[in-house]
Amino acid sequence: MSEELSDLLKIRREKMDEFRAQGMEPYPYEYKKTHSAAQALAKYKGLKEHEESPEEVSVAGRLVLKRGHGKAAFATIQDETGRIQIYGKLDAIGEQKYALYQKLDMGDFVGVKGKVFKTKTGEITIRLSSFVLLSKSLHPLPEKWHGLQDKEIRYRERYVDLIVNPEVKDVFVKRSKIVSLIRKFLEARGFLEVETPILHVMQGGAAATPFETFHDALGLPLFMRIAPELYLKRLLVGGFEKVFEMGRVFRNEGMSYKHNPEYTMIEIYQAYADYNDIMDLTEELVVTAAKEVLGTLEIEFRGDKINLAPPWKRITLIDALKKEGIDLEKKDEEGIRRIAKAKGIEGAEEIGVGKIINVLYDKFVEPNLRQPTFIIDHPLETSPLAKKHRSKAGEVERFELIIAGMELANAFSELNDPVDQRERLKKQAELKAAGDLEAESMDEDFLRALEYGMPPAGGLGIGIDRLVMILTNQASIRDVLFFPHMKPIAAAKPKEEEMRALDESN
RNA sequence: GCGCCAUUAGCUCAAUGGUAGAGCAGCUGACUCUUAAUCAGUUGGUUGAAGGUUCAAGUCCUUCAUGGCGCACCA
């Protein structure tokens, strides 16, 4: 690493020693503050120019701007609620303290105490009577004008991104509100939040390649869950009627603007409901989230104007394909294969008809759906956990919610016929044996549970990250994850060695 | 996995194949109501890594690493 970095680091470490030598501990244990920055600003916003608050306030935060004027200096500190200006004067805090005040670096945490006044330019400001260092920062912050632009560093060192790019924090605050709101929404409707295993003995509940891990003491290979579905259904068997689980699932697949190897999904199950009921629930949930968090149903995402106002369009998968000029109605297997070939679907000879229909849909329908749309009634073959359609042969009662070309939710009338389920899983097991990494396992315990009897039920999964993307207009899933998955960098080593050398020299 | 692009000081960015620069940050000095404070001076670079072409490479070529975007796969 460069000499330069060493210099910047060295100077800050020397200052840390200097503070300590002057009797100001650089890492004290606590600080009693009376106000947040926002509270102090709100409380004293009515002050007239040069008027001063009767009492002192204590505020703590990170120093983010400095403006020195010789024997006085303005600075700006930032806490979770915002920024507030402070003003330190030589004759107010004394020569020794003022020398330390001048030595503060951008990024240092300080606790400041003093009366509040309004400057002649109208800014509410704390006039220091004293201050303490609360944490010495040893790394320089990015530039105050442009902040941190480098996407790689923003993702890898999110803590720095959060310090200097306030709009990033806003996205995550909104994410937290959306999650909280969904919980409240469901609890208000009598749903119970539950937790089921994340380490699974078997792969199931979705079509996806899992991460494998290993339990040493048991000598047991395990899978990180790809979905909580099969456990939540066991709870329906056990007598719970309305449950949901919000949590991380893991899929060992490619990464893109809408895929991260681990992501947050909510699954919701309601006994005695079918997929029509669940469609209503989904629509209401998303609309409520948008209204409460954004205050509007007109949103923009990746350049598209999207209107979330209900009711949303509901169209069958076959009709949606027809609208794109792909008419599969009354086509036999032969005819569908011919169309797939004409449309340039690769490997169409080796996959089943249901899968072909799905591929055609993924390729020609989903990317074109911008406005919220429920695509309903999927091929039975690719939906091994969904109930057969009550009136259409070869199809299941299933829907996917598409917004802005992204699948946001997936739901079905849940299959509760244990004989049918056993046959479907058997087919999955055959696919698995033939090398399909995404196929379901033959889960005997799950089948036994169904054999005890599961009430008719509707089930739903929503990708929380994607929902947050759409509601906050973030173009990439990485922008709604604090710490998106990144490859480790091998070149990090010399930096560590340098830090160690620095430690030893002290 | 494939294609395109990017990687230069702590940060943000420049540099027709011909002496690596600026702003901010840092350091020194001046300045007791500034706010992207200002003014003067100043430190800081193995140009992501390794090879190659050339009298000469930040710049051209090859390989690699990391990232971004698009495609593929997937939710």
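Not measured: the values here are computed from a predicted model. A, B, ... follow the sequence lines: proteins, then strands. Residue 1 opens every chain.
With both ends at atom P, the span from B:rA40 to B:rU47 equals 31 Å, rounded to whole Å. B:rG23 and B:rG41 have their P atoms separated by 11 Å, given to the nearest Å. Atom name P, nucleotides B:rA30 and B:rG68: the rounded distance is 47 Å, in whole Å. B:rU8 and B:rA49: their C1' atoms are spaced 15 Å apart (whole Å). With C1' as the reference atom, B:rU38 and B:rC31 are 9 Å apart, rounded to whole Å. Taking the P atoms as reference points, B:rU53 lies 15 Å from B:rU59, given to the whole Å. Between B:rC60 and B:rG18, the distance separating the two P atoms is 11 Å to the nearest Å. Taking atom C1' in both B:rA75 and B:rA6, one finds a spacing of 30 Å when rounded to whole Å.
In this structure, A:Arg154 reaches neither bases nor backbone, as no heavy-atom distance under 4.0 Å exists between it and the strands shown. Residue-level contact check: A:Asp91 touches the bases, meaning some heavy atom is under 4.0 Å from a base atom. Backbone-only contact: A:Tyr155 has heavy atoms under 4.0 Å from sugar-phosphate atoms and none from a base. Residue A:Lys363 is out of contact with every strand shown, counting any heavy-atom pair closer than 4.0 Å. Residue A:Arg248 is out of contact with every strand shown, counting any heavy-atom pair closer than 4.0 Å. Across all strands shown, A:Arg466 has heavy atoms under 4.0 Å from base atoms, whether or not it also approaches the sugar-phosphate. Heavy atoms of A:Ala206 sit nowhere under 4.0 angstrom from any nucleic acid atom. Among the protein residues, A:Ile153 comes within range of the sugar-phosphate backbone only, with heavy atoms under 4.0 Å from sugar or phosphate atoms but none that close to a base. A:Glu400 comes within 4.0 angstrom of nothing in the nucleic acid, heavy atoms only. If you check every strand for non-hydrogen atoms under 4.0 Å, A:Met486 touches sugar and phosphate atoms only. Within 4.0 Å of A:Asn252, counting heavy atoms only, lies no atom of the nucleic acid at all.
Between A:Gln149 and A:His146, the side chains place no donor N or O within less than 3.5 Å of an acceptor N or O (distance only, hydrogens not considered). Side-chain atoms of A:Asn410 and A:Arg398 include a donor-acceptor pair closer than 3.5 Å. In summary, the side chains of A:Asp479 and A:Tyr257 do not present any donor paired with an acceptor at a separation below 3.5 Å, with no hydrogens or angles considered.
Listed here is the closest heavy atom pair of A:Lys113 and A:Ile126: C-CG2, 4.4 Å.
If A:Ala75 and A:Asp479 are placed on RNA chain B by their nearest nucleotide, the residue sitting closer to the 5' end is A:Ala75. Summary of the strand contacts: A:Lys120 and A:Gln149 both lie near RNA chain B, and taking for each the nucleotide with the nearest heavy atom, the more 5' one is attributed to A:Gln149.
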Using nucleotides 37-41 of chain B, report all nitrogen or oxygen pairs with the protein that are shorter than 3.5 Å.
from: B:rA37; atom 1: OP1; to: A:Lys144; atom 2: NZ; distance (Å): 2.6
from: B:rA37; atom 1: OP2; to: A:Arg67; atom 2: NH1; distance (Å): 3.0
from: B:rA37; atom 1: N7; to: A:Gly68; atom 2: O; distance (Å): 3.0
from: B:rA37; atom 1: N6; to: A:Gly68; atom 2: O; distance (Å): 2.3
from: B:rA37; atom 1: N1; to: A:His69; atom 2: ND1; distance (Å): 3.4

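In this structure, A:Lys233 pairs ionically with A:Glu229, as a charged nitrogen and a carboxylate oxygen lie closer than 4.0 Å.
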